[in-house]
Each structure stands twice: as C-alpha cells, then as structure tokens.
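So that the names make sense, note that chain A is the first sequence line, chain B the second, and so on, each numbered from 1. Worth knowing before you read on, the calculation uses all heavy atoms, side chains too, and leaves out hydrogens, waters and symmetry mates.
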Protein chains: 2
Amino acid sequence: MTNTTLKLLAQQLQISISTVSRALKDHPDISAATKAKVNALAQSMDYEPNAYAIQLRTQNSKIFGVIVPAISNLFYDSFIAAVEEESRKNGYALMILQSSNKLENELDNLKIFRQNRVSGVFACLSAQAENLETYHRMTEKEIPVVFFDIVPKDNRFTKVRMADERCATIAAECIIKRNSKKVLAIFGDPGLSISQKRKAAFQAFMENYAPKVHVTYLDAKSTDEAEEIFRKQYAKVQKFDTVFAMTDEILIGVMKAIQALEIKVPKQVGVISISNGFIPNLYHPHICYVETSGYELGKLAFIQMMANLKGGKTLTELTVEAKYVAGGSM
Amino acid sequence: MTNTTLKLLAQQLQISISTVSRALKDHPDISAATKAKVNALAQSMDYEPNAYAIQLRTQNSKIFGVIVPAISNLFYDSFIAAVEEESRKNGYALMILQSSNKLENELDNLKIFRQNRVSGVFACLSAQAENLETYHRMTEKEIPVVFFDIVPKDNRFTKVRMADERCATIAAECIIKRNSKKVLAIFGDPGLSISQKRKAAFQAFMENYAPKVHVTYLDAKSTDEAEEIFRKQYAKVQKFDTVFAMTDEILIGVMKAIQALEIKVPKQVGVISISNGFIPNLYHPHICYVETSGYELGKLAFIQMMANLKGGKTLTELTVEAKYVAGGSM
DNA sequence: AATATTTTCGCAAACGTTTGATATTGTTAA
DNA sequence: TTAACAATATCAAACGTTTGCGAAAATATT
C-alpha cells in the first residue's frame, strides 16, 4: 500500500504540487476555494506529510535526543516525563537512548543523534571519563547540548542540575537541629562530581556550625555496600544516632540493615536522605528527605534548550532549588 | 557550520558521488585504493550520513515507535530497556512517547509515528476505549504493530503479554504449600481485566486444591487503601497468617502497615506478591514474589516485531511465563 | 592483434517536500 | 483601451542519498 503524497493529491485535483503544499499550510497566496478542495481530499486519502522529506528540505528534524544512564530510574524517568511533556507542546518528539553508564554506548547514541540530525541533545554524562570532544563537535555544528544532573566542569556548555550543595546543607541543618551527637554520613561514588560537591558542602556546614558533632564520612557505590557499611558501623561500641544517605540507592541499603537489625526509627536512629520522594515514602515511618525533583529539572532543561535554540548562546549553569520534606524519621 | 556530505567528499577527491557512496559501504565494484582514500577523507571530515536522506531514498526509517501509558513506571521502563537493548543491536533506534492513559495523546503519538514513517510500533493500549481503527490503518500501510501488556481482544493483531492467570496460580500454590490456614488476598482495581483474571485464577485454584483454607478476598485501588485493609483485617480476632498482594502498589501499602504494627515477617505473617522484583527486594527479609518481568516481555515483543518485519504475518498472542522468586517472607 | 571479458567508475533519476522566481489570470485606475 | 496591479497558481531547483544502467579502462582470451 503506497503512501499518499503531495504529488498524488496534485494529480487527482489537476493542480500543481506547490499549490497543494501551500494550500495545506494555509498560505495566503492560495484561494479559499482551492484550500477547501485540497484539504478535503487530503483528509479522505489520509495524507500524512513525510517527516523525512521535510527534514531534508528544511534541515530541521524537530526531534530532541535524550541520553540517560538508565531509563529504569526513578529520578531520570521523571526528568524524561517532564521533557516529553514540554516537547510535545512545542511540536517536538523525543528520541531516548540509554548509556547504561558506558562510554561506548554514549558514543553510539551520539552518533545516532547526529545521523538523525536531532535539533538538540539533553545529556546526562555517564559515570566514566568525560568525552567532551564529541559534544563539542555537536555544538560546533549548531546542535545545542543541555547537560543535566551529571554535568561536565567545562563552562562552555549549558548545564542544569540540582542544587547539590544546597541539598547537603539542608540535610546537615536538620541533623544539627535534631541535636545529633554522632552521625554516619554515607555518600555515593567518590568519582562523581555530584558526590564530591555534596560531601564538601555537608562537611563544611557541619564543621562550621556544629564542630563538636562527630561525623563519620564513608562512600558506598551500591545498595549492598551501603548496607554493609551501616552494619559495620552500627556494630561499634559508640553507636551513631543519625544516618544520612546521599541517594536512594544508599537509603535502600541503610533501610535493609535497619529492618534486619530491628532498629527503631527514629528512636534509636534518625534517618535523612536526598531523594525525589518515592523511596522514602515506602517505609514506616516515612523517611525525612531533601527533595530533588527530576520533574522540575526537566522543565528547566527544556527552557534552557529553547533559549539555546532561539537566541544565541546561554552558557550558564542553572540549578533547581531543593526543599526539605519532613517524615517521621528524625 | 555546514555538514559534510557525499557531494563534498566527491568534490574533494575529484570523483563521483556514487563512487563515494559505494566506497563507503564497501561495494565490490570499487577498488581497494579508492575505498581507502574515501574512507580516510570521510573520517577526517567526520562525515555522518544523513538519516533523513537515506530514509527518503530507501523508505526505511530504522526507527521503532513505543507507546506506554507512563515512562515513570517500574514495569514499563524495564520493558523499554529490553526493547531498546535489542533495537540497538539491530541498528534500530527508539522513539518513545507516553499516552498518560489518554486517548487523545495516544492518537497524537500515532500521528507522529506515521509522519516519521517508523518501521514498527510497540503499543500498550491506554485504559480508555480501544481505538483500533487507527492501528488497523497502520498495519494496512505495512507498519507492523505489536501490542504488549494491555492488549486488544481483536485477534488480527500481534500481541504479547504476561501470563496473568498463571501468576496468580503460582502464588496460590505457594500459599498452600506453606500450610496457611487463613489468607488475606488483596487484588487491584476490579474494573481492570487484569485484576479479574488474576482473581478468578487464584480463587479457582484455591477452591480446587485447598478448599478448607479460609481466604478473604478484597480489592484496593491504591497503596493507602491496601494499608487500610490490612490494618482492619489484622485487628480482627482470628488473624490471617498469610497475605497476598496482587501488585507493587498493594504490597507497598501492606508493608507500611506491617512496619507500623511491628509485625514479624514471616513468623507472624507470610507475604507474597506479584511484581517485577524491585519493590520486594527493598525490604528485609526480601518478599517472595511471582516475577512478571517487563524485561522478558520486551525481549519477546522485539522477537515478534522482527518476525513481523521479516516474514509475513504472525498474528498470535504470546505470553511470557511467570516464575516464583523466593525471598524470606514465606 | 583483434576481440571478449572483467574491473572500476560515472550518469542520472528518484524519494517527497519547500520556496523563490515566474507566469497566468482577472481587476482597477488612468 | 491600455498600463498597472493584485490575486492566484505553476516551474524548477534544492535537500543528501541510493542504485540501475551504461561507459571507459584494464586485463584476459583467442
């Protein structure tokens, strides 16, 4: 079954292709009568413009590429949902690819994006080394790139991310307010800048405003590591009274240990984390958390993308604010 | 900055466009020497074939469309992950759109897919009325459609879904093996066919193989309802010794109650659910569950798609088998 | 040495659309 | 009546590929 084309419509109506094209897009050059006829026929033959021919002609694909480490991720899929929502409103479609945190996949994905001449790319860096070279080539070819969440240090790029330092500071504040004496603070992969930033901010705040509180800083790269760390630390003589989990992954590990050891929250141990809220609300009592909303981040990223597309360069790093959500765990 | 094209390469090398094209795809007509020269130049000018020109010429977009109710969903994103993985291996990219369970969006998405001449569509019906008309038009235009999870009754389509009845049966089996005397079984929205199927299968099995076990059947449309139901039932004099949760949503509610009431699992109450495994593994001990893997379903759907694309029609309804995953909760 | 065969390459059309330039009308003003 | 002007519609080129067909050059066969 062959697709309906402008040519076909033109033949049927015995008029030229260009007239059909213009009629369909309500061009003022075309009379109302002709427009009516054309639209009617297009409707009945259910004509669908060929996006590829259009892109070839106009050099504008109206497609955004999105690279995330994993689609199956509470944070990223709310980000995607937001970007998708806005894109739809603006006539763009999304091409989503996952890097699985592998540089190889990330490069493959970028190639696909280039070959499809995407109008722009939303990228979350994979944990491995930064391959900014490729991204530079894209921006040079006037394909805007908006980095989100895990962003490069390079200041020539547009970036949006959570206010990571602020998140950590808010958490620290809560811990101090609670009058904690001994704290276990577990951070994520120390190779990631996000971990470094959060840890630095947390540490600075604690040392500034509560120098007498004893804090143990440790890193966990996985849920299992986090559980392990918690168990080991809790086995010590002088137990901590509050635990801080930098990510959902870590929180899950912590909570497994807490359940296994039958520790009472918040009586024996207070818990606070940074999260988008889904995981913390799975438990009883609800875990207190500083909210980082992928959804908000998505909206912001989209705004930046459009700004980039419209005007000139907007080489700034924007952050979305964090807020504390109280649960029963502190 | 203008993109590198075949024409540009041809001009540089003073040979024809077709020779360049053929050299790049290792056509036997072209000499090794020429191929080497072409490849070298293409490399250094980082030539990227224009996917749109190719599609226009070849009438093959190498893109699959995917419609899901929501991307932010544990089940669907594992489905997407699987399809994406396979697609990548086979040189296809994915265009993912969400319907948010709205017919309007679903139709919009299909239009985008048609305009982009996708090679095929993976579709999960939105909860609202079935608009099979549109899907028919696609298959008529030789765009294969593979329905997944929530599938139409119409037998002219290719469908893959979970073995819903079997899941419930396996769970029932476990409950009987455990020697339960009194069971609380909580099912999802009774309006959904999936709930009906699972409940019918579960009930039939229990009545057949363990008629003396007392089962209380209740429905919960949300996490909160599930928690409420659990609390109410647990307050009764003769307590149940096992609880069955049909979905993750329900399991979360149940577990909240269990944690709040400080009930020991599995000593005081055994827990079993149907899930993809993420939620059950959040707790200690891990909750036993019958696995419904979006991942497996994705793999199966992809196979069906390729079969559809290659050979003729494969108008069958395939299901992916469920398997029991033991935790410490039974 | 002349013909036949293979190897290597170029020509040109086609895919479906958009758009600047141009042609054909009908209408108005002089 | 004719020049001037809208209004309407058409021509043709271009976007970047692929590919059947034919041409030239190189090699092999008599």
Side-chain angles (χ1 to χ4, degrees), chain A residues 1-39 41-42 45-63 91 111-112 114-119 141-142, chain B residues 1-39 41-42 45-63 91 114-119 141-142:
Chain A
M1 179 117 187
T2 160
N3 269 315
T4 311
T5 67
L6 289 185
K7 193 200 279 186
L8 225 66
L9 294 177
Q11 283 173 343
Q12 290 272 329
L13 293 168
Q14 296 283 35
I15 57 179
S16 81
I17 296 180
S18 34
T19 303
V20 176
S21 171
R22 291 192 166 100
L24 249 18
K25 37 177 36 84
D26 209 24
H27 190 101
D29 267 12
I30 308 297
S31 71
T34 312
K35 279 179 191 167
K37 263 189 294 185
V38 171
N39 279 310
L41 186 64
M45 295 184 64
D46 53 52
Y47 167 74
E48 297 278 0
N50 184 320
Y52 292 84
I54 294 175
Q55 131 74 18
L56 187 57
R57 177 59 227 238
T58 63
Q59 307 283 41
N60 183 1
S61 67
K62 286 265 178 183
I63 290 184
K111 178 183 281 188
I112 293 178
R114 286 195 306 270
Q115 296 189 351
N116 281 285
R117 304 296 191 265
V118 292
S119 302
K141 291 196 177 170
E142 320 221 307
Chain B
M1 178 115 188
T2 160
N3 269 315
T4 310
T5 68
L6 289 185
K7 193 199 282 186
L8 226 65
L9 295 178
Q11 283 172 344
Q12 290 273 331
L13 294 168
Q14 295 284 36
I15 57 178
S16 80
I17 296 181
S18 36
T19 302
V20 176
S21 171
R22 290 191 170 101
L24 249 18
K25 37 176 39 79
D26 209 24
H27 190 101
D29 267 13
I30 308 298
S31 70
T34 312
K35 279 179 190 167
K37 264 190 292 183
V38 171
N39 279 310
L41 187 64
M45 295 184 64
D46 53 49
Y47 167 74
E48 297 279 0
N50 184 320
Y52 291 85
I54 294 175
Q55 130 75 17
L56 188 57
R57 175 61 224 237
T58 62
Q59 306 285 41
N60 183 3
S61 67
K62 286 267 178 180
I63 290 183
R114 286 195 305 271
Q115 295 189 353
N116 280 284
R117 303 294 192 270
V118 292
S119 302
K141 290 197 178 169
E142 319 222 307

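Taking 4.5 Å as the limit, some side-chain heavy atom of B:Gln55 sits within range of a side-chain heavy atom of A:Asn50.
One donor-acceptor pair, N or O on each side, does fall under 3.5 Å between the base of C:dG10 and the side chain of B:Arg22. For B:Ser18 against C:dC9, a side-chain-to-base donor-acceptor contact under 3.5 Å is absent.
The side chain of A:Thr19 sits closest to D:dA9 out of C:dG10, C:dT8, D:dA9. The side chain of A:Thr5 lies closest to C:dG16, out of C:dG16, D:dT8, D:dG16. Out of D:dT10, D:dT8, C:dT17, the shortest distance to the side chain of A:Ala53 is found at C:dT17.
The CZ atom of B:Arg114 sits 17 Å away from the P atom of C:dG16 (whole-angstrom rounding). For the pair B:Tyr52 OH and C:dT17 P, the interatomic distance rounds to 15 Å; values are reported in whole Å. Rounded to a whole Å, the CD1 atom of A:Ile17 is 15 Å from the P atom of C:dT19. Between B:Asp26 atom CG and C:dC9 atom P the separation is 13 Å, expressed in whole Å. Rounded to an integer number of Å, the gap from CD of B:Gln59 to C1' of D:dT17 is 12 Å. When rounded to the nearest whole Å, the span between CD1 of B:Ile30 and P of D:dA25 equals 16 Å. Remark: P of C:dT7 and NE2 of B:His27 are 12 Å apart, rounded to the nearest angstrom. Here the P atom of nucleotide D:dA26 and the CG atom of B:Asp29 are 17 Å apart, to the nearest Å.
Counted by atom type alone, B:Asp46 and B:Thr4 present zero donor-acceptor pairs between their side chains at under 3.5 Å.
For the pair A:Thr34 and D:dA9, the criterion of a side-chain N or O lying under 4.0 Å from OP1 or OP2 is met. Contact annotation: A:Ser21 side-chain N/O to C:dT19 OP1/OP2 distance is not under 4.0 Å.
Both B:Leu56 and B:Lys35 lie near DNA chain C, and the one whose nearest nucleotide falls closer to the 5' end is B:Lys35.
Of the inter-residue distances, the one linking A:Ile15 atom CD1 with A:Leu41 atom CG reads 9.0 Å to the nearest 0.5 angstrom.
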